[in-house]
Structure formats: C-alpha cells, structure tokens
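Okay, so here's the structure we're looking at.
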Amino acid sequence: MSLHRKSRKYHKWLMLFVGLQFVIWSVTGAYMVIFDIDYIHGDSLVSDNQASLKSEQINYSISEIYTVHPEAKEIELSSLLGDAVYRFNEGKNKYLISADTGKSLTPISDDDAVLIAKHKYNDANVKIKQISLITENPPFELSARHLPVWRIDFDEFASPSFYISVHTGELVTKRHTFWRIFDWMFSFHVMDYVEEDASNKLLLAFVVLSLVASLFGIVLTYFRLWKQNGNKKQRVRKVV
C-alpha cells in the first residue's frame with residue numbers, strides 16, 4: 001500500500017476516534033477564554049468594605065493570647081463586622097477571639113454567618129435563599145479542608161453561594177453557576193473527571209494520537225496540493 005493510501009486510511013480512523021475530543025477541547029477552551037477569570041472566581045461578588053481598626057478597639061494583648069494559648073501560631077489582627085478580632089491557629093485548631101475582651105467568638109452561629117455574608121456581598125439589599133451547615137461530605141466546589149462551614153445561598157442571578165468558616169468567620173470561598181460550569185469545562189478539557197489534573201495518562205494518550213493524526217494529515221496535504229500540482233504541470237508540458 002502506498003504512503004498516500006496509508007496516510008488517508010490512518011488519518012480517517014484516528015480522526016474518527018479523536019474527533020469528538022477535538023470538538024470538546026474547542027468548546028471548553030472557548031468557554032474558559034471568553035469569560036473573565038476574575039468573574040469566574042467570584043471576585044466581583046465581594047465588596048471591599050474592610051474597616052480600619054482603632055486603638056481603643058484593642059484591649060486584649062497578644063501576650064495575653066500566649067498566656068491562654070502558648071502554642072498559638074499565625075496570629076492575625078483583623079475586623080469582623082466592624083469589631084476587632086484575633087484569628088490564630090493552635091495545633092490543628094483554629095480560633096477566633098475578640099480583640100477587645102478576649103472572649104471566644106466561635107462557633108459562628110447561623111445568624112452571624114448571614115450577617116457576615118451580607119456584609120461581604122456587593123449588594124447590601126441581597127436576599128438569602130437558603131442557609132445550610134456543612135460538616136462533612138462537602139460539595140465538589142468546596143475543599144474539605146475548610147470544614148465546617150456555613151453555606152449561604154443568595155437569591156441572585158447565577159445563584160451565588162458564600163462559604164463562611166464556622167471557626168474563624170472568614171469567607172473561605174465563593175461560588176456561582178458560571179464557576180460551576182467552568183469547573184465542568186475544565187474537567188472535560190483536561191480529560192480528568194476526578195482530580196482535574198492536566199498530567200493524567202488519558203490526556204497524554206489523546207494528545208499523542210492527535211499528533212499522529214495531524215502528521216498523517218500533513219502527508220495528505222502534501223499529496224493533495226504539491227503532488228497533484230506537480231502532476232498537472234507535467235501533463236501541461238506534454239500537451240504543449
């Protein structure tokens with residue numbers, strides 16, 4: 001069998017096999033390029049309303065924290081709903097205490113979680129659709145390392161959700177419909193539907209097969225364009 005026929009045969013069957021994945025790569029790639037990544041991350045949902053702290057709000061010193069929590073690490077002074085608070089870790093535990101009184105503010109209640117979520121959302125008049133406490137088996141859009149969290153679902157376009165840590169009151173992540181679609185698109189794009197890892201063997205196999213199919217396509221292009229044009233010129237010379 002000639003090289004021309006072999007190339008046509010293998011190119012046809014390989015493209016039949018990998019062609020659908022070519023379409024999937026095109027569609028998913030287009031989705032990920034068209035949408036701004038900051039919008040996908042949900043940055044536009046969060047308002048920048050971090051309040052500045054005043055010295056009179058801080059009456060509990062860091063040395064007093066070490067008295068009660070001698071192994072405290074990563075101590076952070078910040079604000080929560082306008083009040084000064086300390087966040088820190090001790091071993092595997094996370095703490096949130098008042099910088100005014102030293103009183104523990106955890107666990108965060110559902111009412112406080114709603115207040116925090118509304119405070120951080122870019123629309124002060126936003127309506128809450130649902131509140132749920134997640135302590136195990138988190139949804140695919142949330143890492144288990146953040147548990148436990150309050151999930152606050154807003155009654156807004158694209159069904160945005162804020163996840164508020166029960167231990168620290170922090171907004172650990174935010175999600176919406178377009179992020180969820182993006183996550184599926186990325187899974188299909190890298191052909192890994194569990195860990196979403198672009199270094200998986202299935203993707204490598206399809207890339208190699210696609211490359212081989214493309215090489216056969218180049219051979220066919222040579223025969224279709226340059227070889228046929230050469231034969232036509234030879235026939236013209238014979239006629240002349």
Side-chain angles (χ1 to χ4, degrees), residues 1-46 134 136-147 149 151 153 156-163 171-240:
M1 187 182 295
S2 67
L3 178 60
H4 185 192
R5 291 184 177 179
K6 285 182 179 179
S7 298
R8 183 167 56 189
K9 174 183 177 181
Y10 294 137
H11 179 75
K12 177 181 67 177
W13 287 108
L14 282 172
M15 287 306 299
L16 184 64
F17 182 67
V18 302
L20 177 60
Q21 186 58 40
F22 267 55
V23 175
I24 293 174
W25 280 333
S26 300
V27 173
T28 56
Y31 183 92
M32 291 188 289
V33 169
I34 290 172
F35 284 92
D36 181 74
I37 192 63
D38 291 329
Y39 174 75
I40 293 297
H41 287 163
D43 295 339
S44 60
L45 299 175
V46 183
I134 303 175
E136 58 183 3
N137 300 322
F140 75 95
E141 61 191 45
L142 176 69
S143 173
R145 72 178 186 275
H146 295 307
L147 297 180
V149 297
R151 173 172 173 164
D153 296 321
E156 292 282 299
F157 172 73
S159 301
S161 302
F162 277 10
Y163 291 91
L171 172 62
V172 296
T173 194
K174 58 275 185 191
R175 299 293 185 238
H176 54 84
T177 299
F178 292 101
W179 184 97
R180 295 169 183 121
I181 296 175
F182 186 96
D183 188 68
W184 281 106
M185 291 290 183
F186 184 78
S187 297
F188 281 104
H189 196 77
V190 301
M191 303 184 71
D192 191 335
Y193 313 106
V194 179
E195 298 179 355
E196 299 180 5
D197 184 3
S199 62
N200 64 85
K201 294 181 180 179
L202 180 60
L203 178 61
L204 177 61
F206 266 78
V207 168
V208 171
L209 290 176
S210 300
L211 178 60
V212 173
S214 299
L215 293 175
F216 282 126
I218 293 173
V219 174
L220 287 176
T221 302
Y222 166 75
F223 280 105
R224 179 61 62 88
L225 298 180
W226 287 278
K227 197 71 173 178
Q228 285 187 358
N229 289 338
N231 292 337
K232 287 181 180 179
K233 289 179 180 180
Q234 288 180 1
R235 286 196 295 270
V236 169
R237 289 196 189 104
K238 289 180 181 179
V239 170
V240 174

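In this structure, Ser187 and Phe140 have side chains that are not in contact, with every pair of non-hydrogen atoms separated by 4.5 Å or more. Counting only heavy atoms from C-beta outward, the side chains of Arg151 and Pro139 approach each other to under 4.5 Å. Contact check for Ser143 versus Thr173: no side-chain heavy atoms found under the 4.5 Å cut-off. Here the side chains of Phe186 and Tyr31 are not in contact, with every heavy-atom distance at 4.5 Å or above.
The closest donor-acceptor contact from the side chain of His41 to the backbone of Asp43 lies at 3.5 Å or more, if one exists at all.
Note: Trp25 and His189 have perpendicular aromatic rings, judged against thresholds of 30 and 60 degrees for the angle between ring planes. Between Tyr39 and Phe35, the two ring planes are parallel [angle under 30°; tilted spans 30° to 60°].
With rounding to the nearest 0.5 Å, the separation of NE2 in His176 from CD1 in Ile181 is 10.0 Å. Distance CZ/Phe182 to CD1/Ile34: 12.0 Å, rounded to 0.5 Å. How far CZ of Phe188 is from OG1 of Thr28: 9.0 Å, rounded to the nearest 0.5 Å.
Partners of Glu156 under the side chain to side chain donor-acceptor pair (under 3.5 Å) rule, at least two apart in sequence or in another chain, do not exist in this structure. For Ser159, the side chain to side chain donor-acceptor pair (under 3.5 Å) criterion is met by no residue, not counting sequence neighbours.
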Tell me, with the steps shown, if Asp38 and Ile40 meet side-chain contact (heavy atoms from CB on, under 4.5 Å).
CA-CA 5 Å; Asp38 291 329; Ile40 293 297; over 6 Å; no
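The two residues Tyr163 and Ile134 make their nearest non-hydrogen contact at CE2-CD1, 3.9 Å.
The one candidate from Arg175, Glu141, Arg180 that meets the side chain to side chain donor-acceptor pair (under 3.5 Å) condition with Ser161 is Arg180.
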